[in-house]
Amino acid sequence: MNTITLDNITQAVINHGDGAKTHPRLYEIYKSLVTHLHTFVQEVNLTEQELQMGRDFFTRVARSSGDMPDGEIAMLTDLLGISELVDLLHRTNHDTVTESTLEGPMYVPDAPERQMGDRLGIDQDGDILFMSGGVFDIKGIPIANVLIDVWQTNSKGLYDIQDPNQPKGNFRGRFRTNTEGYYTFETVVPIGYDIPTNGPCGEVLRLLGRHTHRPAHIHFKLSATGFNPLTTQTYLNDDPYISSDTVFAVVPSTIITLQKHYAPNEILVSNQSKLFYTVKFDFVLSPITEDV
């Protein structure tokens with residue numbers, strides 16, 4: 001029997017298996033994870049009390065709450081920069097295609113199907129925004145029938161799943177580009193917001209002195225036959241936290257500038273009873289290529 005010591009416990013854990021025979025990729029990840037975790041524990045001289053605090057933290061992170069029905073695991077990886085790091089590791093052709101960024105924890109699949117130009121949501125207090133543009137391939141050719149999944153907060157910085165006053169599916173929708181690759185929809189100008197802070201992640205951020213703000217943004221997921229899917233966000237250029245996103249996800253190439261419309265004739269032509277904004281943003285998708 002080999003006695004477990006500080007010098008051999010890490011290798012003992014790594015060797016406790018079939019050495020990658022069953023699942024080579026899982027073993028590769030497991031080996032590195034165990035090595036780094038053991039190094040971390042020794043480096044900070046972790047105490048039993050601190051270990052128990054960590055266990056309690058992760059238990060709470062996994063629990064559902066009112067603001068986070070699926071728990072805070074996804075938000076935690078965002079706040080630690082892990083979600084964006086993974087995206088950066090696998091981001092390719094960023095000079096020729098629209099850059100991706102993290103999905104975030106507020107995505108809900110199967111959003112309502114909406115028609116070209118429809119409203120994304122209902123919000124009587126929000127400033128109206130008309131967003132439009134095209135979806136193209138890397139040669140500039142329009143792509144028809146692209147499914148564009150859009151979601152955002154209302155004008156108070158709340159998603160529908162956080163706010164009982166909003167109907168289900170509010171400010172969520174799926175649109176398809178027309179034969180010319182064009183899309184357009186009506187929404188409201190989003191505002192920056194604080195991530196949910198009434199759970200364990202919020203507690204840690206306060207203890208670390210980190211702010212909890214996300215700059216104003218709109219989420220997009222695009223998919224089309226023959227092209228790699230794209231998940232990204234567009235950000236309002238004048239948001240005060242554009243350079244200090246708490247989840248580190250701002251992509252400079254997707255920052256947008258809204259145009260304010262105030263002339264009476266513009267308002268009449270667009271059949272609007274108050275001021276409104278417009279913005280145009282084009283997406284570029286990369287083709288699926290088979291490895292040779």
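Along the sequence shown, residues are numbered consecutively beginning with 1. Heavy atoms only: backbone and side chains are in, while hydrogens, waters and symmetry mates are out.
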Residues in ring-ring contact (aromatic ring centres under 6.0 Å, His included) with [X], at least two apart?
X: Y27; answer: none
X: H211; answer: H213, Y241
X: Y193; answer: Y159, H217
X: F281; answer: F283

Only counting residues at least two apart or in another chain, list the ones meeting side-chain contact (heavy atoms from CB on, under 4.5 Å) with [X].
X: P112; result: R114, R172
X: D7; result: T5
X: D238; result: L236
X: R119; result: E186

Shared hydrophobic cluster for [X] and [Y] (ILVMFWY, side-chain gaps under 4.5 Å):
X: L207; Y: M53; value: no
X: Y277; Y: F171; value: yes
X: I73; Y: V86; value: yes
X: W151; Y: Y183; value: no
X: V247; Y: V250; value: no

Side chain proximity check, [X] to [Y], heavy atoms < 4.5 angstrom:
X: Q259; Y: V279; value: no
X: T254; Y: Y235; value: yes
X: I242; Y: N237; value: no
X: S32; Y: H36; value: yes
X: Q52; Y: Q49; value: no
X: T96; Y: V284; value: no
X: M75; Y: I195; value: yes
X: Q233; Y: F220; value: no

Keeping the roles fixed (side chain from [X], backbone from [Y]), state whether a donor-acceptor pair exists under 3.5 Å.
X: N15; Y: A12; value: no
X: T101; Y: T232; value: no
X: E180; Y: G134; value: no
X: D160; Y: D163; value: no
X: S64; Y: P69; value: yes
X: T177; Y: I143; value: yes

TODO: With side chain to side chain contact (heavy atoms under 4.5 Å, CB included) as the test, would you mind laying out the steps for H219 and V150 before giving the verdict?
DONE: CA-CA 6 Å; H219 293 268; V150 188; over 6 Å; no

Open item on the list: Pair F185, F175 - check ring-ring contact (aromatic ring centres under 6.0 Å, His included), show working.
Closed with: CA-CA 8 Å; F185 60 89; F175 302 85; 5.2 Å; yes

Open item on the list: Does S83 form a side chain to side chain donor-acceptor pair (under 3.5 Å) with T77? I'd like the steps, not just the answer.
Closed with: CA-CA 6 Å; S83 303; T77 61; 2.9 Å; yes

To the nearest 0.5 Å, what is the distance between [atom1] on [X] and [atom2] on [Y]?
X: D239; Y: S244; atom1: CG; atom2: OG; answer: 10.0 Å
X: E72; Y: F58; atom1: CD; atom2: CZ; answer: 12.0 Å
X: Y182; Y: S132; atom1: OH; atom2: OG; answer: 4.0 Å
X: Q166; Y: T153; atom1: CD; atom2: OG1; answer: 8.5 Å
X: M131; Y: L258; atom1: CE; atom2: CG; answer: 8.5 Å
X: L79; Y: T212; atom1: CG; atom2: OG1; answer: 9.5 Å

How close do [X] and [Y] get, heavy atom to heavy atom, and via which atoms?
X: T98; Y: L230; value: O-CD1, 3.5 Å
X: S155; Y: I191; value: O-CD1, 3.2 Å
X: T35; Y: T39; value: O-OG1, 2.8 Å
X: G104; Y: D78; value: CA-OD2, 3.6 Å
X: V97; Y: S286; value: CG1-CB, 3.7 Å
X: P190; Y: A216; value: O-CB, 3.5 Å

Task: side chain to side chain contact (heavy atoms under 4.5 Å, CB included) between Q152 and V188, intermediate numbers included - done: CA-CA 9 Å; Q152 67 168 81; V188 298; 4.0 Å; yes

Pairs involving [range], ordered by first then second residue, that meet salt bridge (charged side-chain N to carboxylate O under 4.0 Å, His left out) (sequence neighbours left out):
range: residues 83-92; answer: E84-R91, D87-R91, R91-E99
range: residues 27-45; answer: R25-E28
range: residues 192-208; answer: R60-E203

Task: Residues T278, F276; criterion side chain to side chain contact (heavy atoms under 4.5 Å, CB included); working and verdict - done: CA-CA 7 Å; T278 61; F276 64 97; 3.9 Å; yes

Open item on the list: Heavy-atom count check: over 12 atoms from other residues, nucleotides or ligands less than 6.0 Å from I122 CD1?
Closed with: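 For I122, atom CD1 is not crowded (no more than 12 foreign heavy atoms under 6.0 Å).
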
TODO: For atom CG of L89, decide whether the heavy atoms of other residues, nucleotides or ligands shown that lie under 6.0 angstrom number more than 12.
DONE: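 Yes, because the 6.0 Å sphere around CG of L89 holds more than 12 heavy atoms from other groups.
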
Open item on the list: Any salt bridge linking D149 with R174? Criterion: basic side-chain nitrogen under 4.0 Å from a carboxylate oxygen.
Closed with: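 Not counted as a salt bridge, because no side-chain N and carboxylate O are separated by less than 4.0 Å.
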
Open item on the list: Test question: given the 4.5 Å side-chain rule for I, L, V, M, F, W and Y, name all other residues clustered with F40, or answer none.
Closed with: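 Via sub-4.5 Å side-chain contacts, F40 links to V41, V44, L46, L51.
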
Open item on the list: Could you go through N228 and L285, starting from their C-alpha distance and side-chain angles, then the distance that decides it, and tell me whether this counts as side chain to side chain contact (heavy atoms under 4.5 Å, CB included)?
Closed with: CA-CA 7 Å; N228 291 304; L285 303 183; over 6 Å; no

